[in-house]
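Heads up: the structure comes next, in structure tokens.
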Amino acid sequence: MTRPDRGPEGAPVSGALAGLRLDELLGEVQERLGQIVAARDRMQSLLDAVLAVGAGLELDATLRRIVQSAVDLVDARYGALGVLAPDGSISRFIDVGLPPGVRETLGPPPTGKGLLGQLIMEPESLRLADLGAHPASVGFPPNHPPMHSFLGVPVRVRDSIYGNLYLTEKVGGGEFTADDEVMLHVLAAAAGIAVQNADLFEQSRQRQHWLEALGEVRTEVLTGASDEDVLRLVAVRTLELTTSAATAVLLGPDEDGLYELCASAGEPLGLPEAGIRAGADLDEVAESRSPLLAGSPAAFLDHGADSVPADLGPSVAVPMRSGERVVGVLVALRRVGGEPYRPTEVLLVTSFAEQAALALEIAEKTRAQRQLDVLADRDRIARDLHDHVIQRLFATGLKLQSTLRRAVRSDVQDRILQAVDELDETVREIRTSIFDLHGADHGGVRRRLLDIVDEIVEGSAMTPSVRTSGPVDTLVPADLVPHLLAAVREGTSNAVRHSGGRTVTVTLEAAADLVLQIVDDGTGMPDDVARSGLHNLAERAAELGGALEVRRRPGGGTRLAWRVPLDHG
């Protein structure tokens with residue numbers, strides 16, 4: 001038999017080689033196990049990050065969780081998420097990792113220039129050992145912490161780019177690895193789903209708030225609130241729901257292209273209430289019936305631009321449209337540096353403005369219908385008074401007059417004559433009421449006549465009575481009304497100041513002539529009273545082809561009669 005070779009210690013050589021190979025195999029197994037454990041840990045970290053990203057539905061909180069999860073996942077010192085605006089710039093910049101107080105020293109957040117803009121123009125992942133060496137890099141602002149390694153990936157929502165994730169400074173030095181890039185891609189995909197869900201939830205919640213605000217507007221309309229109160233509510237709710245600094249409701253434009261400021265909320269805009277000359281963009285909103293965005297109020301508020309606060313920036317104007325009719329424009333403004341209005345916000349504000357305009361139009365039609373109902377009811381009452389009440393009074397008067405011939409005693413005849421006179425007076429008063437019921441214009445001659453007499457007699461001891469005969473609101477021409485009201489004012493004032501009576505009766509009759517009579521039961525006008533006012537009334541009557549007559553009544557008091565022809569012009 002051949003004996004095996006032995007080493008220096010006498011151990012077989014083959015046994016030593018076998019032991020070395022076993023150690024190598026065990027080392028490789030241990031290394032593989034370590035890699036498996038590390039991969040498992042990274043997968044667990046990725047799973048934890050995905051779960052953390054989708055843990056809530058608040059959009060702002062979701063965006064911050066995405067950045068923090070990305071930083072933790074790839075062991076980065078700093079991270080940020082740049083949300084893109086419709087024009088491709090960065091509208092929101094959420095960052096984590098900066099020491100306290102540093103962010104305030106860096107100035108305004110990035111807008112998408114330099115290396116950050118590279119991912120906007122080319123939405124593909126970008127991994128760099130030194131971001132300062134990239135051709136698109138433009139350096140850092142003062143006080144910015146040093147950054148070298150860089151990893152960026154886009155975040156997609158549906159088929160569009162929502163924003164970009166930016167990670168810098170690998171903890172412990174070195175570069176971000178290809179595995180880091182893969183894992184960040186997976187996180188970005190989960191982030192896109194989380195953002196979509198959060199965005200849908202935010203839109204749903206916003207719609208609910210806008211619907212509640214619209215319900216408030218409709219309630220105000222249905223309870224009979226004035227248009228001013230309704231528009232003020234529209235301005236306040238728009239201010240709150242858009243987190244704006246100021247809002248304004250501008251009605252118009254009129255035939256001269258001017259607007260009227262009917263309601264505002266928030267910071268005062270320094271605009272006049274009327275005669276606002278709008279900028280070209282505001283006119284475009286009214287003409288195109290479409291909303292517009294602007295970077296400053298000057299695009300919409302041309303008139304008084306110097307008085308508009310300089311700290312106002314992003315602005316939106318939406319038409320207040322009902323059907324094809326634009327009644328005004330709703331303007332909302334945020335402060336300089338504020339976030340521009342997002343498309344979803346613009347759609348909600350536009351819908352709110354249109355619904356508010358529709359509610360106002362419905363309220364206007366409801367008021368008109370109510371007015372028509374009132375007028376129809378007045379016509380019915382007037383018709384019943386004319387066809388039934390007056391006819392019965394006439395019949396009663398005729399019966400009394402026929403009875404008069406049968407009466408023998410003189411006192412009975414006097415009572416019958418007095419009753420007939422009172423019936424005639426009642427008929428005249430009912431006719432006056434009929435004409436008043438037919439008068440739909442609350443600013444007509446009779447209304448103004450009543451207002452003047454009440455104004456003059458108020459505070460005195462006299463009791464007024466106003467009667468009209470004939471359609472004074474329709475027969476008296478507009479150029480005669482100032483002369484008539486001047487005669488009423490002068491004659492009634494004389495009776496209150498000088499007559500010393502208890503009653504004053506103002507009667508206006510419109511037929512071939514317009515006859516104004518003012519009668520009091522006092523002692524008559526003293527002879528030493530200045531008569532310049534009466535002289536002016538006589539001149540007015542003469543110019544119009546009429547005359548003035550003032551005389552004492554046999555039973556006491558004064559009668560003023562001012563008469564002018566109605567066909568004077």
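- Between the side chain of Thr247 and the backbone N or O of Ala235 there is at least one donor-acceptor pair closer than 3.5 Å.
- Counting only heavy atoms from C-beta outward, the side chains of Glu267 and Asp311 approach each other to under 4.5 Å.
- Residues Glu345 and Arg334 are paired through a salt bridge, judged by an N-O separation under 4.0 Å between the basic side chain and the carboxylate.
- At least one donor-acceptor pair under 3.5 Å links the side chain of Ser160 to the backbone N or O of Val157.
- Formation of a donor-acceptor pair under 3.5 Å by the Ser204 side chain with backbone atoms of Leu200 is not found in this model.
- When each of Thr238, Leu241, Val318 is checked for a side-chain contact (heavy atoms from CB on, under 4.5 Å) with Phe352, only Thr238 meets the rule.
- Between Pro110 and Leu116 the shortest heavy-atom distance is CB-CD1, 3.7 Å.
- For the residue pair Asp95 and Leu98, the shortest heavy atom distance occurs at OD1-CD1, 3.5 Å.
- A cation-pi arrangement is absent between Arg156 and Tyr162, since the terminal nitrogen or guanidinium carbon is not both under 6.0 Å from the aromatic centre and inside a 45° cone about the axis.
- Contact of the Leu282 side chain with the Val331 side chain is registered, since non-hydrogen atoms from C-beta on lie closer than 4.5 Å.
- A donor-acceptor pair under 3.5 Å is formed between the side chain of Ser315 and the backbone N or O of Gly313.
- For the pair Leu250/Ile276, a side-chain contact is recorded, criterion being any heavy-atom separation below 4.5 Å from C-beta on.
- Residues Leu151 and Leu126 fail the side-chain proximity criterion, which asks for heavy atoms closer than 4.5 Å.
- The closest donor-acceptor contact from the side chain of Thr177 to the backbone of Asp180 lies under 3.5 Å.
- Dense packing is recorded around CD of Glu104, with more than 12 heavy atoms of other residues, nucleotides or ligands lying under 6.0 Å away.
- Distance alone, capped at 3.5 Å, places no donor-acceptor pair between the Ser351 side chain and the Leu348 backbone.
- Under 3.5 Å, the side chains of His134 and Gln118 contain no donor-acceptor pair of N or O atoms.
- Listed for the Ser149 side chain is a donor-acceptor partner under 3.5 Å among the backbone atoms of Lys170.
- Scanning both residues, Leu261 and Ala248, for their nearest heavy atoms gives CD1-CB, 3.8 Å.
- A donor and an acceptor atom, one from each side chain of Asp229 and Ser226, are located under 3.5 Å apart.
- Counting only N and O atoms by type, the side chains of Ser244 and Tyr341 include a donor and acceptor under 3.5 Å apart.
- A salt bridge is defined here as a Lys NZ or Arg NE, NH1 or NH2 lying under 4.0 Å from an Asp or Glu carboxylate O, and Arg127 with Glu175 fails to meet this definition.
- No donor-acceptor distance shorter than 3.5 angstrom exists from the side chain of Ser137 to the backbone of Ala133, with no hydrogens or angles considered.
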Show, in sequence, the C-alpha distance, side-chain angles and deciding distance for Arg237 and Glu212, and conclude whether the salt bridge (Lys or Arg N to Asp or Glu O under 4.0 Å) test is met. CA-CA 10 Å; Arg237 290 295 175 262; Glu212 292 173 356; over 6 Å; no
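- Residues Leu251 and Tyr259 fail the side-chain proximity criterion, which asks for heavy atoms closer than 4.5 Å.
- Remark: Arg64 does not engage Asp60 in a salt bridge, criterion side-chain N to carboxylate O under 4.0 Å.
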ask   = Yes or no on side chain to side chain contact (heavy atoms under 4.5 Å, CB included) for Thr168 and His148, after CA distance, side-chain angles and deciding distance?
value = CA-CA 7 Å; Thr168 61; His148 299 90; over 6 Å; no
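- Side chains of Arg218 and Leu214 form a contact here, defined as non-hydrogen atoms less than 4.5 Å apart.
- Using modelled atom types and a 3.5 Å distance limit, the side chains of Arg65 and Thr62 yield a donor-acceptor pair.
- Of the charged side-chain nitrogens involved, none lies within less than 4.0 Å of a carboxylate oxygen, so that Arg448 and Asp451 do not count as a salt-bridged pair.
- Across Pro319 and Val326, no two heavy atoms sit closer than the pair CB-CG1, 4.4 Å.
- A distance-only check finds no donor-acceptor pair linking the side chain of Tyr166 to the backbone of Val153 [under 3.5 Å].
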